[in-house]
Every structure is written in C-alpha cells, then in structure tokens.
Amino acid sequence: MLIKKSPDLLPSEITPRRAYEGRREFVKQLGRVAFAAAAAPVLPLSSAHAQSGQKIPNLKKSGLSTMEKQTPYKDVTTYNNYYEFGTDKSDPAQTAGKLKTRPWTVAVEGAVAKPKTYGIDDLMKLSPLEERVYRMRCVEGWSMVIPWVGFSLADLIKDVQPTGNAKFIEFVTLADPKQMPGINAAVLKWPYVEGLRMDEAMNPLALLTFGLYGEVLPNQSGAPVRVVVPWKYGFKSGKSIVKIRFVEQMPKTAWNIANASEYGFYSNVNPEVDHPRWSQATERRIGEDGIFAKKRKTLMFNGYAEQVGQMYAGLDLRKNF
Ligand SMILES: Nc1nc2c(c(=O)[nH]1)N[C@H]1C(S)=C(S)[C@@H](COP(=O)(O)O)O[C@H]1N2
Ligand SMILES: [Mo]
C-alpha cells in the first residue's frame with residue numbers, strides 16, 4: 001500500500017485531526033493524502049519543482065501555535081478571498097489553477113543596505129520552515145484555524161538589513177491580467193498592496209508563508225509566498241507577493257484606497273470597534289456552521305494580545321482602526 005510507504009505522513013499529522021473530525025472526514029483526508037503522495041512524491045524542495053500540494057519535509061512544530069481545532073483542508077482551500085481571481089468565495093479555487101508559481105522572484109528593495117531579488121526556492125530556504133497554527137479572522141465576520149508553513153518575516157528583514165529610514169514595509173501582489181481573470185474588474189486598485197509598520201513586521205508572529213497543512217500552498221491560498229498577520233483582519237495578509245519595499249511613509253494600501261472610512265491602515269482585530277456597517281463583536285468559525293453552531297466572541301487582537309498588545313500602547317484604537 002502506498003500509505004505504508006509514506007510513514008512520515010501518518011500519525012503525527014493525521015491523528016490530531018482524526019480526534020476531532022470523526023471517521024468520515026478522516027477517511028476522506030487519508031484518501032487525499034494518499035493521492036497526493038502518489039501524484040506528487042516528496043521531492044527535495046531545492047529542486048525547481050516545488051508545486052502546490054507537494055509535501056514539505058522536515059517541518060518543525062512552532063511553539064506559537066494554537067491548539068484549537070483546525071478548519072478542514074477543504075474549507076481552507078475552497079472558501080477564499082483573492083479578488084484577482086474573482087470576488088466569490090469559490091472563485092479562487094476554480095480560477096487560480098492557471099497561475100504559474102515557478103519560476104518566481106521576490107524583489108526586496110527600498111531602505112535596506114542589501115537589496116536583493118530572491119528566487120522563490122532560495123527564499124524558502126532562508127530559514128527553517130515551521131508549522132504555525134494560527135487563528136485567522138476576516139473583516140467580514142468569519143474565522144478559521146489554519147496550520148500554515150513558513151518562517152518569521154523578521155528572518156527575511158534581517159537578511160536585507162533595513163536602514164534607519166525604513167519605517168514601514170509594503171507588500172505587493174502580482175498583477176497579471178493574463179493569469180488573473182479578476183483584474184479586469186475595477187473592484188480594487190491593482191496591484192494589491194498591503195503594509196505593516198516596521199515593529200509589526202518584526203513581531204515573531206508575522207509569518208512569511210509558503211505552505212499549509214504540511215504542503216506547498218495551493219494557488220488560491222496565495223502561492224508561492226504570502227504574508228500571514230494573525231492579529232489583524234485577513235486582508236492585511238497579502239498573497240502571491242512579488243515585491244517587498246521598505247519605505248519611510250505609511251503605505252497606501254489597496255483596501256484603504258478603496259474605502260478609507262471602512263478600512264484603516266492598522267486593521268487590528270478589535271471586537272470593541274465596529275466596522276461602520278456591522279459589528280465586529282462576534283464571528284462565525286468556518287466549518288462549524290449548522291444548527292448547533294453558536295457564534296464565537298471575537299477576541300482582542302484575535303487572541304494575540306499578549307504577544308502584540310504592547311506595540312499599540314498609547315495608540316487610540318478607535319482613531320487608528
Ligand atoms: N492579493 C490579495 N491578497 C489578499 C486578498 C486579495 O483579494 N488579494 N484577500 C485578503 C482577505 S480579505 C483575506 S480574508 C485573506 C484570505 O486568505 P485565505 O483565502 O487564504 O483564507 O487574504 C487576503 N489577501
Ligand atoms: Mo478578509
């Protein structure tokens with residue numbers, strides 16, 4: 001049996017999910033993992049062949065992970081926001097397959113001593129990859145728990161040596177109308193740009209992300225590399241990054257340009273500051289819907305107050321939403 005040939009796929013990763021998700025889901029996952037193993041053998045990621053769904057070997061488990069029940073893989077990869085591939089939640093899974101994620105480069109420039117353009121496979125090797133299970137909260141009022149794979153953004157920042165003028169970092173997503181059907185719609189100003197203050201970007205929780213569920217990122221999740229900022233609303237986590245710029249001024253970000261009164265630069269998860277059109281006090285955990293699912297209370301900084309609260313001491317979070 002194929003499964004027996006891949007003992008590394010077995011107990012450590014599947015058991016925790018089996019405990020929660022009942023036998024049917026377990027069998028489904030097992031089938032998926034077995035198929036993935038058959039279709040995409042574990043290749044050294046040093047080769048130029050890393051592709052969506054390929055297993056990432058030798059992952060460390062991060063101490064920064066939440067132990068909460070993880071959102072099923074199927075929900076994580078079919079309920080997405082990625083407007084470059086359409087605005088329905090199901091669009092990215094259906095249309096992002098065309099995105100070519102190898103070869104891929106990420107240009108790091110601006111206020112740094114060592115500007116550098118990284119090939120994606122070199123970037124992936126810059127620091128040891130970890131599995132980090134984070135709570136994610138979308139500004140629309142839903143949440144997930146996702147086992148990401150990556151390393152702290154701080155590791156990249158140290159590699160390029162920011163100068164004293166680097167006060168903010170800007171993350172720029174690819175904008176290619178040939179590969180991204182959603183770009184033809186003027187829903188946002190393309191390319192999608194997001195940004196962080198320097199100290200936020202240096203916080204160990206900010207993750208440069210290459211995979212999920214132990215595998216190379218599927219395109220709809222932001223392949224080949226995205227940012228994940230778990231204490232902020234999901235839109236701060238830009239996908240398919242091609243450029244990272246260190247700048248002196250607060251970046252003009254895509255959602256802030258689209259509607260500054262609704263989407264501020266900080267966008268920290270905050271149950272006490274409502275969106276102008278809806279409350280942010282509660283959330284619906286994806287995968288938990290159904291008649292018995294009750295809404296969850298949204299936590300300050302999405303539950304990461306202990307790790308990030310200090311960065312905002314003295315800042316009026318109603319004004320700086
Ligand atoms: N380039 C780009 N990045 C993006 C988006 C987008 O439309 N384009 N959507 C954001 C929003 S609103 C959310 S909630 C998260 C969703 O990430 P997920 O689909 O992996 O859950 O991606 C964010 N990053
Ligand atoms: Mo979102």
Side-chain angles (χ1 to χ4, degrees), residues 52 70-96 99 101 104 106 132-150 170-177 179-196 206-213 215-244 251 253-259 262-264 267-269 275 277-278 280 283-287 298 302:
S52 296
Q70 296 169 21
T71 304
Y73 178 91
K74 182 134 201 288
D75 293 313
V76 173
T77 56
T78 57
Y79 190 92
N80 299 102
N81 273 335
Y82 197 167
Y83 280 11
E84 288 87 334
F85 292 101
T87 53
D88 284 354
K89 296 286 178 282
S90 56
D91 284 342
Q94 284 168 21
T95 67
L99 179 68
T101 60
W104 187 282
V106 179
R132 295 257 190 103
V133 189
Y134 282 161
R135 276 183 298 278
M136 305 298 294
R137 171 65 157 77
C138 177
V139 73
E140 295 164 358
W142 47 269
S143 63
M144 299 193 196
V145 175
I146 304 180
W148 299 111
V149 175
E170 208 174 272
F171 303 93
V172 184
T173 297
L174 178 74
D176 179 2
Q179 302 188 74
M180 300 169 135
I183 294 232
N184 297 312
V187 276
L188 289 170
K189 184 172 182 283
W190 315 111
Y192 192 100
V193 172
E194 256 312 331
L196 295 171
L207 191 72
L208 197 64
T209 306
F210 302 90
L212 57 77
Y213 268 112
E215 299 173 357
V216 172
L217 281 175
N219 292 350
Q220 62 268 33
S221 303
V225 59
R226 68 175 295 176
V227 176
V228 171
V229 193
W231 71 96
K232 294 178 178 282
Y233 292 116
F235 67 86
K236 296 298 289 182
S237 298
K239 294 179 169 181
S240 307
I241 303 291
V242 290
K243 195 185 286 185
I244 299 179
T253 57
W255 280 100
N256 187 250
I257 293 168
N259 192 337
E262 298 193 355
Y263 307 106
S267 291
N268 291 312
V269 174
H275 185 278
R277 290 185 281 136
W278 57 81
Q280 293 291 27
E283 66 200 49
R284 182 172 66 90
R285 182 66 52 89
I286 299 297
T298 289
N302 203 24

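These values consider heavy atoms only, across backbone and side chains, with no hydrogens, waters or symmetry-generated copies. As the structure lists them, so they are numbered: ligands from 1, and atoms in each ligand from 1.
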Counting each atom of ligand 1 from 1 as listed, which ones have a heavy atom of Asn81 under 4.0 Å away? 5 (C), 9 (N), 11 (C), 12 (S), 13 (C), 14 (S), 16 (C), 19 (O), 22 (O)
Give a yes/no verdict on whether any heavy atom in Met136 is under 4.0 Å from an atom of ligand 1. no
Atom 20 (O) of ligand 1: closest protein heavy atom, distance to 0.1 Å, is Arg226 NH1, 2.7 Å
Judged by modelled atom types alone, do Ser143 and Arg285 share a side-chain donor-acceptor pair under 3.5 Å? yes
Would you check whether Tyr83 has a nitrogen or oxygen atom less than 3.5 angstrom from a nitrogen or oxygen atom of ligand 1? yes
What do we get for Thr173 next to ligand 1 when only non-hydrogen atoms under 4.0 Å count, side chain, backbone, both or neither? side chain
Assess the side chains of Asn80 and Lys89: does a donor N or O sit below 3.5 Å from an acceptor N or O? no
Please work out which of Glu140, Lys239, Arg137 has its closest non-hydrogen atom nearest to atom 18 (P) of ligand 1. Lys239
Quick note on ligand 1: atoms under 4.0 Å from a heavy atom of Ser237 include exactly 4 (C), 22 (O), 23 (C), 24 (N)
Which ligand 1 atoms are under 4.0 Å away from a heavy-atom of Asn80? 18 (P), 19 (O), 20 (O)
Within the 6.0 Å centroid threshold, strictly below: Trp255 and Tyr83: yes
Is Tyr192 touching ligand 1 with its side chain, its backbone, both, or neither, if touching means heavy atoms under 4.0 Å apart? side chain
